[in-house]
Asks: 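What follows is a single structure, and I will ask about it in a moment.
Chain A is the first sequence line, chain B the second, and so forth, proteins listed ahead of strands; every chain is numbered from 1. Please read these numbers as outputs of a predicted model, since none were measured by experiment.
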Amino acid sequence: MANSETSADTARPWQSYNTVYTNAKAGMEGVDRERVQRIVYEMSKGSQYFKNEERKEAFIREKIENMRARCAKLKPADLDHFQTVADKRILELEATRDLSRIWVHVDMDAFYAAVETLSDPSLKGKPMAVGGMSMISTANYEARKFGVRAAMPGFIARKLCPDLIFVPTDFEKYNHYSSLTRKVYQKYDPNFLAASLDEAYLDVTEVCKEKGTTGEEIAKELRAGVYEVTGLTCSAGVAPNRLLAKVCSDINKPNGQFVLPNNRVAVMTFIFSLPVRKIGGIGKVTEHILKDALGISTCEEILQKSSLICALFSRSAADFFLSVGLAIGGTDTPEARLRKSISNERSFSATGDEAYIYRKLADIAEMLSTDLQKEGLCGRTLTLKLKTASFEVRTRAVTSQKYICSTEDILKHASKLLKAELPISLRLIGLRVSHFDEEKVGAPSDPTQRTLTDYILSGNVLRKNVGNQSSLEMDTNGRCMMHGEEPCLFEDGHQTSRDSLDGNHVVNLDDSKFTLGNFDEKEEVYESTSSVNAETVCVDVQNEDNVLGGVSPLLAAGHSGQFEGSTLDRVNNVTNNHEDVASCSVSQKELLLWLNDYKCSICGIEMPASFVEERQEHFDFHLAEKLQKEESGADSTCMLSQRKPQNPNPKN
DNA sequence: CGGATCACCCGTC
DNA sequence: GGGAGGACGGGTGATCCG
């Protein structure tokens, strides 16, 4: 073994190579950690990738040093002040606690691998991974015993487990099984949130009441149901909010469940012993920062060091951490959110060949344009992403007046951006379009758009008087994505949507909830406990600035920006969201048509989710039908022109 | 000074 | 034998501009 690189430990250098692959994860019990770490280290060291990891690591260490220095400079008076701030926030957050809901988080066990085993039973019992030499998506439990894990490059996995069988990914198959599971979820919560193909959150409060049963029983029943229709096992967590449910589903994995009762003592006991890393939204870096800058490893320590949290982090970040410490997470059914960007990127073996690079760029531009047109979107901002041969990532962006979506326009801007970076040796090129027209276009109450929206919504998708999403799709961060419709259309029935922080990630849901719920009436909880009003916030800013002025100008600036930003955002979003609703992309509404993600709500035809293009066509058909009836209205052209797709009458 | 934009970072599956 | 993904959203600090 070589031990040149790291200075920390001369005998066992790999011990200081912090890889994510040795984290505690389901199925990792009994893994020879040291062996895994050593092999990963030896396969990695000296590579460009490894060097880049070291560079990043050094950067984080520096950041941590800065934070420690800032901590050290805090005087007792400052600490007092921040303790006061923290205590106040904790009280406010505590007031938002809602223990009345029962949430279930369902997580399929080694989903892709399990599906592959289902279609090829000979794989059963053998170590297997879905993915290729460059990257593994999922490994089955047999493979995990060797330390093989998701997100690990295949060639390292093979070294860890020479008999490992590789199976290429097949998303159509996973989609199919995913939709089968969702039909089961639907029965327990028609508004369930799909977090990914293999994960979902269900609010089973109502169904528990109806059936006079417990969350535990429901979870058992639901898992049995999933097994029945798919032959696949899953695990579940039952808890009063999503943040906790997610943690709980991991506890008895695979094919198990864990129930956290709806009482404060149980919840607090549970959260206190939990390492922060278990919380969704706290990854490797944040864990590292909390640990080495603040000495925080468990959730309990977050509360113990709440003054430091408030002193060092922005308000939104501090709020997130504090609510984690309090085990407060999302209990509402969040509104659908519209897509904000769309992107496409590809890796290839590093090259400096300009002709090749330009060709790749053109390919990606084309794929991106296709995706945009599929969604009927155009955007003003184009971002070029490059990863150099040394794994350094750069982004370069332009924003133009015009909304673009054609391959030519994209390529034109992208080439310009790329040109400025040449000469360069690259291993990845990506393009992203954002700043969609939705955000600007459309009067708040354009009658035509309203009509169309109503039309789509009226497709019998609505169920209970609260929440009408046929099924919300959440993005990878646990945020909710389209599929459903917009909050302000059902404001009246949707009052539950303003608890503090969504458990699944740091902040924004919180902000958007404010705005979407729009703060007129019915603000019981927040009104009294939190500084919702712009005036209050501004006063806070003044105070903070004054105090902070003597401590850390940098921090003070950060704080004030934060406050003002969020205030403004709220104001902006109130208007924007109304506009969004009115002008929401037709295609983004498309899924409203598919009951149970399967059956057209208008004509009843059945079409699985994987028939993407067929569905689009089918939707266009209904759209055209509808538009023909209504076409007399001139306003509709405005909308059609932005929405692009193959509608009967694309004007300009 | 405030808003818009940019660049970069983090986290998730 | 070398080889470390793709897509998305959010946060934040810097900088430019009017």
Asks: Among the nucleotides C:dG3, C:dG5, C:dC8, which one has an atom lying closest to any side-chain atom of A:Met135?
Replies: C:dG5

Asks: Tell me the interatomic distance from A:Leu384, atom CG, to B:dC8, atom C1', rounded to whole angstroms.
Replies: 14 Å

Asks: What side-chain donor-acceptor pairs closer than 3.5 Å can you find for residues 359-369 of chain A, not counting sequence neighbours?
Replies:
residue: A:Ser369; atom: OG; partner: A:Gln373; partner atom: NE2; Å: 3.0
residue: A:Ser369; atom: OG; partner: A:Cys405; partner atom: O; Å: 2.8
residue: A:Ser369; atom: OG; partner: A:Thr407; partner atom: N; Å: 3.2
residue: A:Ser369; atom: OG; partner: A:Thr407; partner atom: OG1; Å: 3.4

Asks: Could you tell me whether the phosphate oxygens of C:dG6, OP1 or OP2, come under 4.0 Å of any side-chain nitrogen or oxygen in A:Ser347?
Replies: yes

Asks: So what does A:Gln48 touch, heavy atoms closer than 4.0 Å: a base, only the sugar-phosphate, or nothing?
Replies: nothing

Asks: Check the distance between C:dG6's C1' and A:Leu431's CG and give it to me in whole angstrom.
Replies: 14 Å

Asks: C:dC8 P sits how many Å from A:Arg432 CZ, rounded?
Replies: 7 Å

Asks: Any chance OH of A:Tyr356 has more than 12 other-residue heavy atoms, nucleotides or ligands included, within less than 6.0 Å?
Replies: yes

Asks: What is the distance, to the nearest angstrom, from the CD1 atom on A:Ile136 to the C1' atom on B:dC13?
Replies: 15 Å

Asks: Would you say A:Asn344 reaches C:dA7's phosphate, i.e. side-chain N/O to OP1/OP2 under 4.0 Å?
Replies: yes

Asks: Rounded off to whole Å, could you give me the CG-to-P distance for the A:Leu428 and C:dA7 pair?
Replies: 9 Å

Asks: Donor-acceptor pair, A:Arg182 side chain versus A:Ala200 backbone, under 3.5 Å?
Replies: no

Asks: I want to confirm an ordering. Mapping A:Arg346 and A:Ser349 to their closest nucleotides on DNA chain C, which one lands closer to the 5' end?
Replies: A:Ser349

Asks: In this structure, how many angstroms lie between the C1' atom of C:dA7 and the CD1 atom of A:Ile429, rounded?
Replies: 17 Å

Asks: Tell me: CG of A:Asp107 to P of B:dT12, nearest whole Å?
Replies: 13 Å

Asks: Tell me if a side-chain donor or acceptor on A:Arg242 pairs with a main-chain N or O of A:Asp332 at a distance below 3.5 Å.
Replies: yes

Asks: I'd like to know if the side chain of A:Thr169 reaches the main chain of A:Phe171, judged simply by a donor and an acceptor atom lying under 3.5 Å from each other, with no hydrogens or angles considered.
Replies: no

Asks: For the side chain of A:Ser341, counting heavy atoms from C-beta on, which of C:dG9, C:dG11, B:dT5 is nearest?
Replies: C:dG9

Asks: Does B:dG11 have OP1 or OP2 under 4.0 Å away from a side-chain N or O of A:Lys246?
Replies: no

Asks: If you check every side-chain atom of A:Thr399, which of C:dG5, B:dC6, C:dG3 has the closest atom?
Replies: B:dC6

Asks: Can you check the A:Ile279 CD1 to B:dG11 P distance for me, whole Å?
Replies: 14 Å

Asks: Please compare A:Phe59 and A:Glu199 by the position of their nearest nucleotide in DNA chain B and report the one closer to 5'.
Replies: A:Phe59

Asks: Would you say C:dG11 has OP1 or OP2 under 4.0 Å from some side-chain N or O of A:Arg315?
Replies: no

Asks: Is the Lys NZ or Arg CZ of A:Arg144 less than 6.0 Å from the centre of A:Tyr141's six-membered ring, within 45° of the axis?
Replies: yes

Asks: Compare the minimum distances between each of C:dA7, C:dG11, C:dG5 and the side chain of A:Ser343, then state the nucleotide with the smallest one.
Replies: C:dA7

Asks: Which comes earlier along DNA chain B counting from the 5' end, the contact point of A:Ile282 or that of A:Thr383, where each point is its nearest nucleotide?
Replies: A:Thr383

Asks: From C:dG9, C:dG5, B:dA7, pick the nucleotide closest to the side chain of A:Arg339?
Replies: C:dG9

Asks: For the side chain of A:His435, counting heavy atoms from C-beta on, which of C:dA7, B:dT5, C:dG5 is nearest?
Replies: B:dT5

Asks: Any side-chain N or O of A:Lys340 below 4.0 angstrom from OP1/OP2 of C:dG10?
Replies: yes

Asks: What is the nucleic acid contact for A:Ile289, judged by heavy atoms within less than 4.0 Å: base, sugar-phosphate only, or nothing?
Replies: nothing

Asks: Among the candidates B:dG11, C:dG6, B:dC13, find the nucleotide nearest to the side-chain atoms of A:Thr286.
Replies: B:dG11

Asks: Of the nucleotides C:dG3, C:dA7, B:dC8, which has the atom closest to the A:Thr395 side chain?
Replies: B:dC8

Asks: Tell me which pairs pass ring pair (Phe, Tyr, Trp, His ring centres under 6.0 Å) where either residue lies in residues 359-388 of chain A, with sequence neighbours left out.
Replies: none

Asks: Which nucleotide wins on minimum distance to the side chain of A:Ile342, given the candidates C:dC8, B:dC13, B:dC10?
Replies: C:dC8

Asks: Give one of base, sugar-phosphate or nothing for A:Lys385, where a contact means two heavy atoms less than 4.0 Å apart.
Replies: nothing

Asks: Of all the nucleotides listed (C:dG5, C:dA7, C:dG2), which has the minimum atom distance to the side chain of A:Arg158?
Replies: C:dG2

Asks: Is A:Lys387 close enough to C:dG5 that one of its side-chain N or O atoms is under 4.0 Å from OP1 or OP2 there?
Replies: yes

